[in-house]
Novice: 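Before I ask anything, let me first share the structure, which is written out below as structure tokens.
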Amino acid sequence: MLKFPDGFYWGCATSSHQVEGNNRNNQWWAWEQEGGNVRDGTTSGPACDHYNRFDDDFALAEELGHSAHRLSIEWSRIEPEEGRWDEKEVEHYRRVIESLHRHGLTPFVTLHHFTNPLWFEQQGGWTSPRAPDLIARYAGYMAKQLGEAVPFWLTINEPSVVPAACYLAGMHPPAKRDMGLAMQAARHILIAHGKMYQAVREAAPHDPQVGPVLNMIYVEPASDSEEDRQAAQLFDQYWNSYWLEGIRDGVVGPPAGGGEEAPGLKGTWDIIGLNNYSRSVIAAGPPPMGLRQVPPGPDAETSTMGWEVYPEGFYRVQARLKPYGKPVYITENGIGTDDDKQRQRYIVRHLRQVHRAISEGVDVRGYLHWSFQDNFEWAEGFRQKFGLIAMEEGTRNRLPRPSAYLFRDIARANAVSDELLGRWGE
Ligand code: GAL
């Protein structure tokens, strides 16, 4: 059996726009209304109505054995116009955090998870040089308002994904394909993270743990050729090293900078939030990037997102964090699938890799599964099912899947039993 360290956190991760409903004042909502941008034709709309049902959701999480929960604050609710704070919305999140505590769930609170207030987006969003100061002001404000109730603050969700999806792949709004803009965004996001860290630490009355949420990918070259290895190296540099080394050393390195120092950035992490889903196999490819992602082969196990299931890669990215010497929290890991048996297998096999990393000295302290319930999966819409819990059509009733009970048993035991390892383990 795989026993986890005492006090290990178990729970799920979500984000405001994907679950709350009616986040009308951000760039995602506007983009969804244009039509044709979300693959399955859905829009976030009322989403899971979590904005109103949060207390019931947290009661259910408690019943299901969770001890922690990750959510994000919707910036566009808090600061609907530049410099104007909506105290009613602050009060809402105060109640949300209180409810978490009442249900025995330790809050992990993300300040930015993909959505920008419209006014911020209209100024150029992440490509604007004002972006870091604007978001740091919001971060400090929230840390002050919520105070001691939040022990774990996470600055920006998946800094690597934002420039790539918004400005390179054209998959997220504003759906541009422009390397220059992407690199500008990557620079400002890295600098913003440091400023947010400082603002939170300055404003919070206690001693919270603050860090980024990095989506790290285990990258492999498609072949041994020099070209493929260089392409994989470049991809890895952008996706992983740029952020890790940038925060550790306080510099903006390649590909978005030349190694120049960013004042206040160095060492701005008490913890590292790690998201991981899959691996990437990279080959040399056409400009502007000079690389392409090789799709999984016909024998590979994949999710409905088309991502390869590759637990070994999950281990590798955890192991890579060891030299940084920070506590690591798995802030996302999960699978989009219509087959809950596949999800159960995914969970057990991936937890085996968390246990392996811990036994090799990586200081992993919690596992937050993506996600609690099926939700609005960005440009894929509601069609993708990432939840331990399904949502009944029409009523939006929460219907826990077998995987929710499997996860409950693991969380309550703080261990993966031999029986589960035998049934799902490999
Ligand atoms: C992450 C993202 C989440 C969720 C998940 C599944 O990149 O942070 O919001 O969408 O992927 O695709």
Side-chain angles (χ1 to χ4, degrees), residues 11-21 23 26-29 31-32 37-40 42-44 47-48 50 69-75 108-116 126 154-169 171-173 189 193 211-218 238-240 243 272-280 293 302-310 313-314 317 329-338 342-343 346-347 350 367-389 391 403:
C12 282
T14 64
S15 89
S16 54
H17 192 69
Q18 292 176 275
V19 300
E20 284 181 350
N23 279 317
N26 67 38
Q27 94 284 27
W28 264 91
W29 182 279
W31 197 62
E32 292 160 29
N37 290 327
V38 177
R39 193 196 292 258
D40 66 2
T42 57
T43 57
S44 59
C48 309
H50 177 75
H69 189 77
R70 173 177 174 226
L71 52 76
S72 74
I73 290 178
E74 178 60 33
W75 182 11
F108 286 73
V109 183
T110 316
L111 285 156
H112 184 276
H113 196 127
F114 291 177
T115 49
N116 297 333
W126 288 114
L154 302 161
T155 55
I156 299 174
N157 181 68
E158 301 189 342
S160 56
V161 170
V162 177
C166 301
Y167 294 103
L168 217 46
M171 282 164 49
H172 288 189
I189 290 172
H193 158 78
V213 170
L214 303 178
N215 177 326
M216 287 179 66
I217 298 185
Y218 176 55
Y238 169 71
W239 212 269
N240 300 314
W243 309 97
I272 299 176
L274 172 62
N275 294 359
N276 177 263
Y277 288 88
S278 186
R279 72 163 162 177
S280 290
Q293 199 149 335
T302 55
S303 70
T304 46
M305 298 287 283
W307 300 344
E308 185 183 6
V309 174
Y310 193 70
F314 187 35
V317 291
Y329 292 86
I330 307 303
T331 36
E332 283 182 35
N333 172 246
I335 181 168
T337 180
D338 297 326
Q342 189 188 18
R343 186 181 340 272
Y346 184 99
I347 292 172
H350 283 74
Y367 176 89
L368 304 173
H369 186 75
W370 186 274
S371 186
F372 186 64
Q373 61 201 319
D374 294 343
N375 59 45
F376 181 68
E377 177 51 33
W378 305 113
E380 294 287 322
F382 282 101
R383 189 251 166 276
Q384 295 292 338
K385 311 290 185 200
F386 274 91
L388 297 178
I389 294 162
M391 197 170 59
S403 54

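Ligands are counted one by one from 1 in listed order, and the atoms in each one are counted from 1 as well.
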Novice: In ligand 1, which numbered atoms sit nearer than 4.0 Å to a non-hydrogen atom of N157?
Specialist: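 Near N157, the atoms of ligand 1 are 8 (O).
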Novice: Run the side-chain hydrogen bond (donor to acceptor under 3.5 Å, both in side chains) test on N333 and Y346 for me, step by step, so that the C-alpha distance in whole Å, both residues' side-chain angles and the decisive distance to 0.1 Å come before the verdict.
Specialist: CA-CA 9 Å; N333 172 246; Y346 184 99; 3.2 Å; yes
Novice: Say whether, by atom type as modelled, one donor and one acceptor occur between the side chain of N23 and the main chain of W29 under 3.5 angstrom.
Specialist: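 Answer holds: no.
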Novice: Which of the atoms of ligand 1 are close to W307, meaning less than 4.0 Å from one of its heavy atoms?
Specialist: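 Numbered from 1, ligand 1 contributes 12 (O).
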Novice: Which one of F314, Y277, Y310 satisfies the ring-ring contact (aromatic ring centres under 6.0 Å, His included) criterion with H350?
Specialist: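 Of F314, Y277, Y310, ring-ring contact (aromatic ring centres under 6.0 Å, His included) with H350 is met by F314 alone.
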Novice: Quick one: look up the protein heavy atom nearest atom 5 (C) of ligand 1 and list residue, atom name and how far away it is.
Specialist: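 For atom 5 (C) of ligand 1, the nearest protein heavy atom is Y277 OH, 3.2 Å.
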Novice: Applying side-chain hydrogen bond (donor to acceptor under 3.5 Å, both in side chains), run through Q384 and T304 and close with a yes or a no.
Specialist: CA-CA 7 Å; Q384 295 292 338; T304 46; 2.6 Å; yes
Novice: Between R383 and E377, is there a side-chain N and carboxylate O pair less than 4.0 Å apart?
Specialist: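 Here R383 does not pair with E377 in a salt bridge, since their nearest N and O are not under 4.0 Å apart.
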Novice: Just let me know how V161 lines up against ligand 1, side chain, backbone, both or neither, with a heavy-atom cut-off below 4.0 Å.
Specialist: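 Neither; nothing of V161 gets under 4.0 Å from ligand 1.
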Novice: Among all protein heavy atoms, pick the one closest to atom 7 (O) of ligand 1 and tell me residue, atom and distance.
Specialist: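 It is E158 OE1, 2.5 Å.
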Novice: Give the atoms of ligand 1, by number and element, whose distance to some non-hydrogen atom of H113 is under 4.0 Å.
Specialist: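 Under 4.0 Å from H113, ligand 1 has these atoms: 2 (C), 3 (C), 8 (O), 9 (O).
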Novice: How far is atom 12 (O) of ligand 1 from the closest protein heavy atom, and which atom is that?
Specialist: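 So the nearest neighbour among protein heavy atoms is E377 OE2, 2.6 Å.
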Novice: Would you sort out whether S72 and S16 count as a side-chain hydrogen bond (donor to acceptor under 3.5 Å, both in side chains), showing the intermediate values?
Specialist: CA-CA 5 Å; S72 74; S16 54; 3.1 Å; yes
Novice: Could you tell me whether F376 approaches ligand 1 through its side chain, its backbone, both or neither, with non-hydrogen atoms closer than 4.0 Å?
Specialist: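 It is neither part, as no heavy atom is under 4.0 Å.
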Novice: Are any non-hydrogen side-chain atoms of Q18 and W378 less than 4.5 angstrom apart?
Specialist: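 When only atoms from C-beta onward are counted, W378 and Q18 do touch, with a gap below 4.5 Å.
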Novice: At what distance is the nearest protein heavy atom to atom 1 (C) of ligand 1, and which residue and atom is it?
Specialist: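 For atom 1 (C) of ligand 1, the nearest protein heavy atom comes out as E332 OE1, 3.0 Å.
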Novice: Check each heavy atom of Q384 against ligand 1 and say whether those closer than 4.0 Å belong to the side chain, the backbone, both or neither.
Specialist: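 Within the 4.0 Å criterion, Q384 makes no contact with ligand 1.
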Novice: Does even one non-hydrogen atom of E380 get within less than 4.0 Å of ligand 1?
Specialist: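 Flag not set, E380 not near ligand 1.
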Novice: Using a 4.0 Å cut-off to any heavy atom of Q18, which atoms of ligand 1 qualify?
Specialist: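 Checking each atom against Q18, I get 3 (C), 4 (C), 9 (O), 10 (O).
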Novice: Is it the case that the ring center of H172 lies less than 6.0 angstrom away from the ring center of F114?
Specialist: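 Here the rings of H172 and F114 have centres that are less than 6.0 Å from each other.
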